[in-house]
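Quick one: the structure is below, questions incoming.
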There are 2 protein chains.
Amino acid sequence: MVGRGRPRDAEVEGKVLEAAVAELRQRGYEGLAMDRVAERAGVAKTTIYRRWSSKAELVVALITHLRDDVPFEPGDDSRRDLTALVTAIAARLTSTPTTLVADLAAAAARDPRISESVRTLWAARHRAVTEVVAKAQQDGLVLTHVAPAVLVDQLVGPLYYRLLVTGEPLTPEYARTLVTSVLGPSRSDQES
Amino acid sequence: MVGRGRPRDAEVEGKVLEAAVAELRQRGYEGLAMDRVAERAGVAKTTIYRRWSSKAELVVALITHLRDDVPFEPGDDSRRDLTALVTAIAARLTSTPTTLVADLAAAAARDPRISESVRTLWAARHRAVTEVVAKAQQDGLVLTHVAPAVLVDQLVGPLYYRLLVTGEPLTPEYARTLVTSVLGPSRSDQES
DNA sequence: CCCTTTCCGCTACTGCGGTTTCGTAAATCA
DNA sequence: TGATTTACGAAACCGCAGTAGCGGAAAGGG
């Protein structure tokens, strides 16, 4: 009694998610209209609602689908690793439309399910930083009187803070300064 | 050439702001409907739009209106001051509905004018922290190899980061840890 | 081959909420 | 008083989330 009736078109899911991602990138969460997603995907709106019961559900699925992680392999220099990582995250954030980040945060604040999926989206970055910070602590580069989690927040948090609140730019220099502030000045920095 | 034409009803502003506050408290940002605000204020929607060009502008004005700033008078202990200030900001943030903060950020990301208003909204807090950090630097409590602005970001940024991104709670302990991380451990902390 | 079931695309419709249009009221200026 | 300028309220406009009803398509069961 499994395959009764006409089977679902297997291509639909992919096409819809792809279209939705494009719309989300372009217009943000609020600007994402189901009508447009349907049109872009070459699919009827009802077909979308047959798979996802609401716009929020669709976005949840979509975010899980996104997952473009910051590429990163750790070397033996923790300071360099950390700088590279924070800089990379800053670059990702600046290349992402600010409205997207803000809208995702807003949607997450409103809907627990979205909150969860969005959190997993950022979690990868967060975790990567945590690992490097832990390694730096092992290497004795960091004062150990503070929990690593807090240091991570102080490295990554300011990026979101600038992006969403103060509106200041996320330059590579800024990223470097953040790392310097947490690790203390390196030998080369102290010359200036 | 001042008073040409029919003068604006002076009572409108207050009535609308009051009504909007009530609606915001009751329904949140998204649930705040201009229709209901107008009805509750006993005013036509156009009358609202003549004074504020959009819902977001109205909400910004509203928040500015009820703005009871973080009260703060600096004492002679910079560490204590800073802890108190960061803790107070954290408390304010947690007592504010998260959606409101997120929605304001989203609105700001979408519209430059709103961005400006919202920025001035947070600016007071930011400035207060900056002053105390500068004072702490004068007192030799802070390593001087980092610009004060960055330290401020590392004190305040994590609060917004937790609130909007990771969703972790903003406890007083967390605020204290942030300060400790920036200033280094105090004598009393080192005992533990 | 029909029958049933499920999917699909299409169109229209409801309801809601932000924003605008328009006719009219209240003020100043000549 | 009459022309002009600005404010006001009512109603309309518009976009969008979500639903409903249709004819037709693609599968399986008899």
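A, B, ... follow the sequence lines: proteins, then strands. Residue 1 opens every chain. It should be emphasised that the depicted structure is a prediction, and the values quoted were computed from it without experimental measurement.
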Query raised in the report: Is R8(B) near enough to dA7(D) that one of its side-chain N or O atoms lies under 4.0 angstrom from OP1 or OP2?
Result: yes
Query raised in the report: What pairs with Y174(A) under side-chain hydrogen bond (donor to acceptor under 3.5 Å, both in side chains), at least two apart in sequence or on another chain?
Result: D153(B)
Query raised in the report: Residues in ring pair (Phe, Tyr, Trp, His ring centres under 6.0 Å) with W52(A), at least two apart?
Result: none
Query - Nucleic acid contacts of residues 26-34 of chain B, taken as heavy-atom distances under 4.0 Å to DNA chain C - result: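 Within this stretch, L32(B), A33(B), M34(B) sit under 4.0 Å of the strand.
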Query - Set of side chain to side chain contact (heavy atoms under 4.5 Å, CB included) partners for V12(B), sequence neighbours left out - result: D9(B), V16(B), V43(B), T47(B), R51(B)
Query - Minimum-distance nucleotide (side-chain atoms of T47(B) versus dA12(D), dC8(D), dT4(C)) - result: dC8(D)
Requested in this report: Measure the angle between the two terminal helix axes of the helix from dC1(C)-dG30(D) to dA30(C)-dT1(D), five base pairs each, and quote it to 10°.
Outcome: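 If I round to tens, the end axes sit 20° apart.
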Output a table of nitrogen or oxygen pairs between the protein and nucleotides 21-25 of chain D separated by less than 3.5 Å.
{"residue": "dG24(D)", "atom": "N2", "partner": "R6(A)", "partner atom": "NH1", "Å": "3.3"}
{"residue": "dA25(D)", "atom": "N3", "partner": "R6(A)", "partner atom": "NH1", "Å": "3.3"}

**Report entry** Set of residues satisfying side-chain hydrogen bond (donor to acceptor under 3.5 Å, both in side chains) with respect to D81(A), sequence neighbours excluded
**Finding:**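 So D81(A) forms no side-chain hydrogen bond (donor to acceptor under 3.5 Å, both in side chains) with any residue.
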Query raised in the report: Is the charged tip of K55(B) near the ring of Y29(B): under 6.0 Å from the six-membered ring centre and within 45° of its axis?
Result: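 Yes, a cation-pi geometry.
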Query raised in the report: So which of residues 103-114 of chain B are in contact with DNA chain C, with a heavy-atom cut-off of under 4.0 Å?
Result: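 Heavy-atom cutoff 4.0 Å gives no residues at all.
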Distance-only donor-acceptor hits, side chain of residues 129-136 of chain B, under 3.5 Å, sequence neighbours excluded:
{"residue": "T130(B)", "atom": "OG1", "partner": "H126(B)", "partner atom": "O", "Å": "2.8"}
{"residue": "K135(B)", "atom": "NZ", "partner": "G75(B)", "partner atom": "O", "Å": "3.1"}

Requested in this report: Go through the structure and list residues passing side-chain hydrogen bond (donor to acceptor under 3.5 Å, both in side chains) with D77(B), not counting sequence neighbours.
Outcome: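 Per chain and number, D77(B) pairs via side-chain hydrogen bond (donor to acceptor under 3.5 Å, both in side chains) with no residue.
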Requested in this report: For G5(A) and for Y49(A), find the nucleotide of DNA chain D with the closest heavy atom, then tell me which residue's nucleotide is more 5'.
Outcome: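 This one resolves to Y49(A).
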Query raised in the report: Would you say R36(A) reaches dC16(D)'s phosphate, i.e. side-chain N/O to OP1/OP2 under 4.0 Å?
Result: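 Yes, such a contact exists.
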**Report entry** Nucleic acid contacts - residues 50-65 of chain A versus DNA chain C, non-hydrogen atoms under 4.0 Å
**Finding:**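 Going residue by residue through residues 50-65 of chain A, the ones with a heavy atom under 4.0 Å of DNA chain C turn out to be R50(A), R51(A).
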**Report entry** side-chain hydrogen bond (donor to acceptor under 3.5 Å, both in side chains) partners for R110(A), two or more places apart
**Finding:**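 Only E30(B), D103(B) meet the side-chain hydrogen bond (donor to acceptor under 3.5 Å, both in side chains) criterion with R110(A).
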